[in-house]
Novice: 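Have a look at this one.
This one's a predicted model, so the numbers in the text were calculated from it and none came from an experiment.
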Amino acid sequence: QVQLAESGGRLVQAGNSLKVSCAASGDTLSSYSMAWFRQAPAKQREFVAGITWTSGSLYYIDSVKGRFTISRDNAKNTVYLQMNSLKPEDTAVYYCAARRSVQILTGARFWNSWGQGTQVTVSS
């Protein structure tokens, strides 16, 4: 079972950028897909972006396309989410998730490992 630890969340002003990180440990990641989810108060956890570890195939929800970029550093076993042009509606706890499959699925129930989350707050 892979262990995940997010970092980098903070308060930023709308229009600014922020990069959050997810360090993975405990297993070989070549068989995993990784994703970022977010959860705003009183809302369900929402898939944001995903990446397959080996091929690097990328997936995004429409609301973040062109603004967010998911990437990975194989040597560091770390996944990143670069967030540009942030909006107040991006405010949420951002979670890193791992799934032992090369298939990216957007439902949270399909992901096996989760980090503790990192708070991103965008002020207007």
Novice: Can you tell if the side chain of Thr91 reaches within under 4.5 Å of the side chain of Thr121, non-hydrogen atoms only?
Specialist: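 When only atoms from C-beta onward are counted, Thr121 and Thr91 do touch, with a gap below 4.5 Å.
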Novice: So if you build clusters from Ile, Leu, Val, Met, Phe, Trp, Tyr with side-chain heavy-atom gaps below 4.5 Å, do Leu11 and Val20 land together?
Specialist: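 In one cluster with Leu11: Val20, no.
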Novice: Once rounded to the nearest 0.5 Å, what's the spacing between atom CD of Gln119 and atom CD of Gln39?
Specialist: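 The CD atom of Gln39 is 11.0 Å from CD of Gln119, to the nearest 0.5 Å.
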Novice: Do Arg45 and Tyr95 meet the cation-pi criteria used here (NZ or CZ under 6.0 Å from the six-membered ring centre, within 45° of the axis)?
Specialist: yes
Novice: Provide the closest heavy-atom pair for Thr118 versus Gly8 in the form atom of the first, atom of the second, distance.
Specialist: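 Distance-wise, the nearest heavy atoms are OG1-N, 4.0 Å.
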Novice: With a 6.0 Å cut-off on ring centres, are Phe37 and Phe47 close enough?
Specialist: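 Yes, the ring centres sit under 6.0 Å apart.
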Novice: What's the verdict on side chain to side chain contact (heavy atoms under 4.5 Å, CB included) for Leu81 and Thr69, showing C-alpha distance, side-chain angles and the deciding distance?
Specialist: CA-CA 6 Å; Leu81 185 67; Thr69 302; over 6 Å; no
Novice: Starting from Ile70, can I reach Val102 by hopping between I/L/V/M/F/W/Y residues whose side chains sit under 4.5 Å apart?
Specialist: no
Novice: Please name the pair of heavy atoms, one in Asn112 and one in Gln1, separated by the smallest distance, quoted to 0.1 Å.
Specialist: O-NE2, 3.3 Å
Novice: What closest approach, in Å, do Gln13 and Val122 show between heavy atoms, and which atom pair accounts for it?
Specialist: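 Looking at all heavy atoms of both residues, the shortest contact is C-CG1, 4.1 Å.
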Novice: Calculate, to the nearest 0.5 Å, the distance between atoms OG and CG belonging to Ser17 and Leu86 respectively.
Specialist: 6.5 Å
Novice: Under 3.5 Å, is there a donor-acceptor pair between the side chain of Trp111 and the main chain of Thr106?
Specialist: no
Novice: Which of these, Val64, Val120, Val48, sits in a side chain to side chain contact (heavy atoms under 4.5 Å, CB included) with Met83?
Specialist: Val120
Novice: Atom CD of Glu89 and atom CZ of Arg38: how far apart are they, to the nearest 0.5 Å?
Specialist: 8.0 Å
Novice: Looking only at non-hydrogen atoms, find the nearest pair between Trp114 and Ala108 and report the distance.
Specialist: CZ2-O, 3.4 Å
Novice: Dump the intermediate steps for side chain to side chain contact (heavy atoms under 4.5 Å, CB included) on Tyr59 and Ile51, then the final yes or no.
Specialist: CA-CA 6 Å; Tyr59 303 84; Ile51 184 169; over 6 Å; no
Novice: If I compare all heavy atoms of Gln116 with all of Leu4, which pair ends up nearest, and what's the gap?
Specialist: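 Heavy atoms only, the tightest pair is OE1-O, 3.9 Å.
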Novice: Using the benzene-type ring in the case of Trp, are the ring centres of Phe68 and Trp36 under 6.0 Å apart?
Specialist: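 Distance test on ring centres: not under 6.0 Å, no.
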Novice: Take Thr78 and Asp73, measure what side chain to side chain donor-acceptor pair (under 3.5 Å) needs, and give me the verdict at the end.
Specialist: CA-CA 5 Å; Thr78 300; Asp73 184 326; over 6 Å; no
Novice: When you measure from the side chain of Glu6 to the backbone of Cys96, do you find a donor-acceptor pair of N or O atoms at a distance under 3.5 Å?
Specialist: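 Yes, Glu6 side chain to Cys96 backbone: donor-acceptor pair under 3.5 Å.
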Novice: Can you get from Val79 to Leu58 by hopping between Ile, Leu, Val, Met, Phe, Trp and Tyr side chains that sit under 4.5 Å apart?
Specialist: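 Yes, Val79 and Leu58 fall within the same hydrophobic cluster.
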Novice: Strictly by modelled atom types, are Ser113 and Gln3 linked by a side-chain donor-acceptor pair under 3.5 Å?
Specialist: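 Looking only at side-chain atoms, Gln3 and Ser113 do not form any donor-acceptor pair under 3.5 Å.
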Novice: What are the two closest heavy atoms between Pro88 and Ser124, and how far apart are they?
Specialist: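 Of all heavy-atom pairs spanning Pro88 and Ser124, the closest is CG-CB, 3.8 Å.
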Novice: Is the shortest side-chain N to carboxylate O distance from Lys87 to Asp90 below 4.0 Å?
Specialist: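 No, Lys87 and Asp90 are not salt-bridged.
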Novice: With a cut-off of under 6.0 Å to the ring centre and 45° to the axis, is Lys19 in cation-pi contact with Tyr80?
Specialist: yes
Novice: Quick check for you: to the nearest 0.5 Å, what is the distance between Arg99 atom CZ and Ser33 atom OG?
Specialist: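 If we round to the nearest 0.5 Å, Arg99:CZ and Ser33:OG are 7.0 Å apart.
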